[in-house]
Amino acid sequence: MPKEYLTVSNIVGPLVIVEKIAEVKYNELVEIEDADGHIRRGTVLDISTNQAVVQVFEGTVGLDVDRSKVRFLGRSQQLSVSEEIIGRVFDGSGQPRDGGPRIIAREMLDINGRPINPDARDYPSEFIQTGISAIDGMNPLVRGQKLPIFSGSGLPHSRIAAQIARQSKVLGKEEKFAVVFGAMGITFEEANFFIEDFRHTGALERAVLFLNLANEPAIERIATPRLALTCAEYLAFNLDMHVLVILLDMTFYAEALREISAARKEIPGRRGYPGYLYTDLATMYERAGRIKGKKGSITMIPILTMPEDDKTHPIPDLTGYITEGQIILSRELHRKGIYPPIDVLPSLSRLKDKGIGAGKTREDHSDVLNQLFAAYARGQEARELALILGEAALTDLDRLYLKFADLFETEFIRQGEFEARSIEETIEIGWKLLRLLPKNELKRIRPEYLEKYY
């Protein structure tokens with residue numbers, strides 16, 4: 001029977017301080033009953049010898065220091081999981097949001113799972129086709145990889161996230177593939193967009209959604225990505241599925257963490273974020289990957305909006321250290337009306353070489369990718385020169401590269417929101433553009449591939 005306490009001494013923001021406690025554990029689940037008998041839930045955030053700090057999920061508005069009853073439940077927050085979880089929509093605390101019944105639990109899993117032991121990790125090596133040329137062709141995603149998308153406010157990262165969730169698939173073998181989508185601090189319109197998009201396109205049949213809205217407690221934002229990852233771990237390592245986890249928007253998650261850290265009067269780090277932000281992000285990101293001897297895998301795409309489009313802001317900065325690359329969205333391409341506005345030059349997929357080539361994508365993929373990078377970079381230089389000196393000052397070859405850069409943006413990067421290109425189509429578009437350049441300029445492509453495809 002849980003012990004009941006009437007010893008609340010203080011309420012600060014989302015935190016309740018309970019005195020004279022005994023045998024209370026860190027992360028333990030708590031029920032708080034207010035004067036009207038309404039129950040709110042929380043979790044133990046900190047404990048000293050006779051005092052516990054409880055973080056309340058539903059907020060502390062209306063709680064009374066004298067008349068609130070606190071019960072410690074002796075277990076941490078858990079998620080009910082079974083095969084029935086696929087196709088369902090939940091809120092940020094794991095309760096059904098789609099009007100369906102609660103999940104009859106095959107297992108109850110603690111949401112604070114552990115990062116994968118580096119020794120047990122299997123190396124990511126299989127290509128995942130997202131159907132988006134700027135990712136598949138230039139910065140391919142590999143199964144088991146963590147590849148974040150760095151965006152800015154007002155850029156269409158939500159549409160790109162929905163497109164990746166709809167179109168992604170593992171090539172070759174017919175394998176069970178699922179998408180777990182965790183959204184934090186999004187508006188009602190955005191939540192509605194995701195639910196409707198997934199329903200209309202049939203993607204919901206292989207997806208699980210966890211949605212925390214902007215008007216819901218910031219505390220739930222801390223739990224939402226952990227619920228999503230716990231669900232993904234069950235699907236991947238218990239049901240042998242290949243799971244793509246999309247987390248949107250990690251900036252709102254970090255801001256919720258900062259809010260709670262301030263309420264706890266912790267010493268702030270860079271830009272007011274807690275000093276343990278790196279560790280906290282790593283405990284989540286490192287739950288993705290492949291495990292030796294297990295068929296399933298977790299591939300992760302965290303999406304974050306960079307405040308003031310600043311790559312050196314703590315959230316993108318620390319995310320870049322933990323993950324294997326980044327996809328960067330460009331405001332300039334967005335202004336030109338190019339969707340998806342992916343800036344391929346500063347983007348990077350550190351594991352791309354492991355997932356492409358003969359038997360995975362196509363033998364010439366690596367060479368085409370390198371040549372497209374080089375030619376586009378040269379075209380960008382020509383564009384800058386033309387701005388400064390005027391186009392008349394360019395050589396004929398520079399003009400050719402400038403034309404290449406323009407066509408690369410309008411034909412290779414630009415594609416429809418519902419257009420899923422196969423990797424063959426993407427590589428063929430690349431070859432079509434490379435044929436604009438003289439053969440002797442294609443120095444990064446092996447002679448045998450030039451003979452075969454040029």
Side-chain angles (χ1 to χ4, degrees), residues 113 115-151 157 160-161 163-173 175-182 225 228-229 231-233 235-237 240-248 250 281-292 294-304 316 318-329 340 342-344 346-357 359-361 365-366 369 373 423 426:
I116 298 173
N117 181 335
D119 187 53
R121 280 185 180 275
D122 211 351
Y123 208 88
S125 66
E126 287 151 299
F127 173 74
I128 290 181
Q129 180 176 289
T130 64
I132 296 174
S133 290
I135 297 176
D136 295 350
M138 306 302 283
N139 290 292
L141 178 64
V142 182
R143 188 193 290 173
Q145 184 177 4
K146 308 176 282 290
L147 187 63
I149 294 178
F150 291 178
S151 180
H157 46 266
I160 295 170
Q163 186 170 359
I164 292 171
R166 264 196 317 270
Q167 296 178 176
S168 291
K169 59 169 183 266
V170 177
L171 291 186
K173 308 175 272 273
E175 285 170 332
K176 292 185 288 181
F177 191 80
V179 175
V180 176
F181 194 92
L229 284 160
C231 170
E233 283 165 350
L235 298 177
F237 305 130
D240 293 337
M241 299 180 84
H242 296 293
V243 185
L244 176 65
V245 179
I246 298 174
L247 299 175
L248 173 105
M250 293 308 290
L281 290 172
T283 56
M284 289 190 301
Y285 292 153
E286 294 296 345
R287 287 169 73 174
R290 301 179 62 194
I291 296 179
K292 289 172 188 165
K294 297 265 189 191
K295 276 187 187 169
S297 64
I298 299 176
T299 307
M300 188 191 284
I301 300 183
I303 297 171
L304 53 97
L318 298 178
T319 296
Y321 281 124
I322 304 163
T323 54
E324 291 114 12
Q326 70 278 331
I327 301 288
I328 295 181
L329 301 191
I342 293 172
D343 195 348
V344 297
S347 298
L348 166 72
S349 169
R350 291 195 182 104
L351 301 180
K352 65 172 181 274
D353 299 336
K354 302 290 179 281
I356 62 177
K360 291 176 181 174
T361 53
H365 188 168
S366 179
L369 177 159
F373 261 121
I423 188 60
T426 291

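The first residue in the sequence is number 1, and the count goes up from there.
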At their closest point, which heavy atom of Q326 faces which heavy atom of P346, and how far apart are they?
NE2-O, 3.2 Å
Distance check, rounded to the nearest 0.5 Å: I160 atom CD1 versus S151 atom OG?
7.0 Å
Is the shortest heavy-atom distance from the side chain of K352 to the side chain of V142 under 4.5 Å?
no
Is any side-chain heavy atom of R121 closer than 4.5 Å to one of I291?
no
If I compare all heavy atoms of A161 with all of F181, which pair ends up nearest, and what's the gap?
CB-CE1, 4.1 Å
Which of I246, I164, I327, L329 passes side chain to side chain contact (heavy atoms under 4.5 Å, CB included) with I303? It is I246
Nearest heavy-atom contact between E286 and K146 is OE1-NZ, 3.7 Å
Looking at K354, R290, K360, H242, which hits side-chain hydrogen bond (donor to acceptor under 3.5 Å, both in side chains) with E126?
R290
When rounded to the nearest 0.5 Å, the distance separating CD of Q167 from CD1 of I135 is 9.5 Å
Supply the atom-to-atom distance M241 CE to L235 CG, rounded to the nearest 0.5 angstrom.
5.5 Å
Do Q129 and S168 meet the criterion of a side-chain donor-acceptor pair at a distance under 3.5 Å?
no
Non-hydrogen atoms of G355 and T361 that approach each other most closely:
O-CG2, 4.0 Å
Begin from the C-alpha positions of L369 and I356 and carry the test side-chain contact (heavy atoms from CB on, under 4.5 Å) through to its verdict.
CA-CA 10 Å; L369 177 159; I356 62 177; 4.1 Å; yes
Would you mind reporting whether M138 and S349 have side-chain heavy atoms less than 4.5 Å apart?
no
With side chains defined as the heavy atoms from C-beta onward, is the minimum distance between Y285 and M250 less than 4.5 Å?
yes
So, does R350 use its side chain to make a donor-acceptor pair with the main chain of T323 at under 3.5 Å?
yes
Find out whether I301 and L247 are in side-chain contact, i.e. whether some heavy atom of one side chain is under 4.5 Å from a heavy atom of the other.
no
Non-hydrogen atoms of I132 and P340 that approach each other most closely:
CG2-CG, 3.8 Å
Judged by atom type as modelled, is there a donor-acceptor pair below 3.5 Å linking the side chain of E324 to the main-chain atoms of P148?
no
Backbone N/O of D119 and side chain of K292: donor-acceptor pair under 3.5 Å
yes
Start with the C-alpha distance between M284 and M300, add both sets of side-chain angles, then the distance that settles side-chain contact (heavy atoms from CB on, under 4.5 Å), and finish with yes or no.
CA-CA 10 Å; M284 289 190 301; M300 188 191 284; 5.5 Å; no
Check L147 against L348 and note the closest heavy-atom contact, atom names and distance.
CD1-O, 3.5 Å
Report yes or no: does S297 contribute a side-chain atom to a donor-acceptor pair with the main-chain N or O of G289 at less than 3.5 Å?
no
Answer yes or no: is there a side-chain heavy-atom contact under 4.5 Å between F127 and R143?
no
State whether the side chain of Q145 and the backbone N or O of T299 hold a donor-acceptor pair below 3.5 Å, judged by distance alone.
no
Verify whether one side chain among T130 and D136 offers a donor that lies under 3.5 Å from an acceptor in the other.
yes
More than 12 heavy atoms from other groups under 6.0 Å of NZ on K169:
no
